[in-house]
Amino acid sequence: MKIAILPGDGIGPEIVEQAVKVLNVLGESFEMETAPVGGAGYEASGHPLPEATLKLALEADAVLFGAVGDWKYDTLDRPLRPEQAILGLRKNLKLFANLRPAILYPELAGASTLKPEVVSGLDILIIRELTGDIYFGQPRGVRECPDGPFKGEREGFDTMRYAESEIRRIAHVAFQSAQKRSKRLTSVDKANVLETFQFWKDIVTDVHKEYPDVALDHMYVDNAAMQLVRAPKRFDVIVTGNMFGDILSDQASMLTGSIGMLPSASLDANNKGLYEPSHGSAPDIAGKNLANPLATILSAAMMLRYSLNKAEQADRIENAVKKVLAQGLRTADIYEEGTTKVGTGEMGQAVVNALS
Ligand code: IPM
Ligand code: MG
């Protein structure tokens, strides 16, 4: 089994290094090949997603991705910016289903900014559609406004759109995920204002006929944002579009106290996937041995479960992470008084030790 390792920028290389260390002690024979992506791709060959990197990702059985982005690339033309690498990988690998769990480990209940009773035991799965919506809709750009009150002025514009088959396939992923959990699914839309999301709602409602054992409800995205902080435990599985999912998944991650703990999986129709921490490249702390590697290590666990058919190994890693938390080890982002502050490398090593 071949894993493409794409560390990227900022803290990407140091957190991915820890996840690779963990994969290496499982006693499996993975073939791992590393390639530059994001700003590192741009430095190496003038493009955030170099051809050889894309080829490796396409060939591999799974991709382990760190993070991309750095302020120093903010002035580049949009197609050359690091973020284009992840968007290009999602599009080229047809990774339409993004799974973002938000789980609060009991040991970290105090790390959340919400009251412990509101978040303790939180276990939500956000399923975000990842290759459609306003992210990829055409046309887009800046043009001279063709009509209306702003005619003749410059305007920026994007296109929000979803094809029926795109909604159906993500709805199936969501209903099937809900079947494996507590059989509750909330579809988040903005059907009161947007045609795209009235259509979304209608199609999700239609797909529901095939899953009578799942309780489906619909919620407007503004209300969902409110409920996520008011009573987040009312949710189990949430399914939504690319744009709303981007926003709500960041919000949900903070309920757990640290985005540094949250993995994610982006899957195609055959469960090939790209696995990355939910957080970004944090260039401000890069190379300082401060970053939390657990989200990346947990992403490697998701990779074993979803793409490599190694559920037992995934369990082993997740249990090892629980063990190091129970031992009181904390990186700076989840540190509280009375616990032991450790760096990126020490945290990775602690997980390795807990595995052996
Ligand atoms: C995410 C990120 C990306 C997104 C950016 C980096 C393009 O915010 O994965 O949530 O908007 O999808
Ligand atoms: Mg985001």
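Whatever order the structure lists them in is the order used to number ligands and atoms, beginning at 1.
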With a 4.5 Å limit on heavy-atom distance, are the side chains of [X] and [Y] in contact?
{"X": "V229", "Y": "Q251", "result": "yes"}
{"X": "H218", "Y": "T186", "result": "no"}
{"X": "I124", "Y": "P101", "result": "no"}

Y275 versus S307, side-chain donor and acceptor atoms under 3.5 Å: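 Per modelled atom types, S307 and Y275 side chains form a pair under 3.5 Å.
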For the residue pair T339 and R330, confirm or rule out a side-chain donor-acceptor distance under 3.5 Å.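 Their side chains do not contain a donor-acceptor pair, so the 3.5 Å distance test is not met.
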Backbone N or O of L355 within a donor-acceptor pair of the R316 side chain at under 3.5 Å?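 Between the backbone of L355 and the side chain of R316 there is a qualifying donor-acceptor contact (under 3.5 Å).
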Ligand 1: protein residues within heavy-atom distance under 4.0 Å: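 For ligand 1, the contacting residues are E83, R90, R100, R128, Y135, D246.
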Everything protein-side that's N, O or S and under 2.8 Å from the Mg ion (ligand 2): list it, residue and atom.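 As for protein N, O or S atoms lying under 2.8 Å from the Mg ion (ligand 2), they are D246 OD1.
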Apply side chain to side chain donor-acceptor pair (under 3.5 Å) to D315 and list each qualifying residue two or more places apart in sequence or on a separate chain.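 If we apply the side chain to side chain donor-acceptor pair (under 3.5 Å) test to D315, skipping adjacent residues, the hits are R305.
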Assign the ring pair W200 / Y162 to parallel, tilted or perpendicular, where the plane angle (0 to 90°) is split at 30° and 60°.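 W200 vs Y162 ring planes: tilted.
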Cluster partners of Y42, using ILVMFWY side-chain heavy atoms under 4.5 angstrom, listed by chain and number?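 So far as hydrophobic clustering goes, Y42 is joined with Y73, L76, L80.
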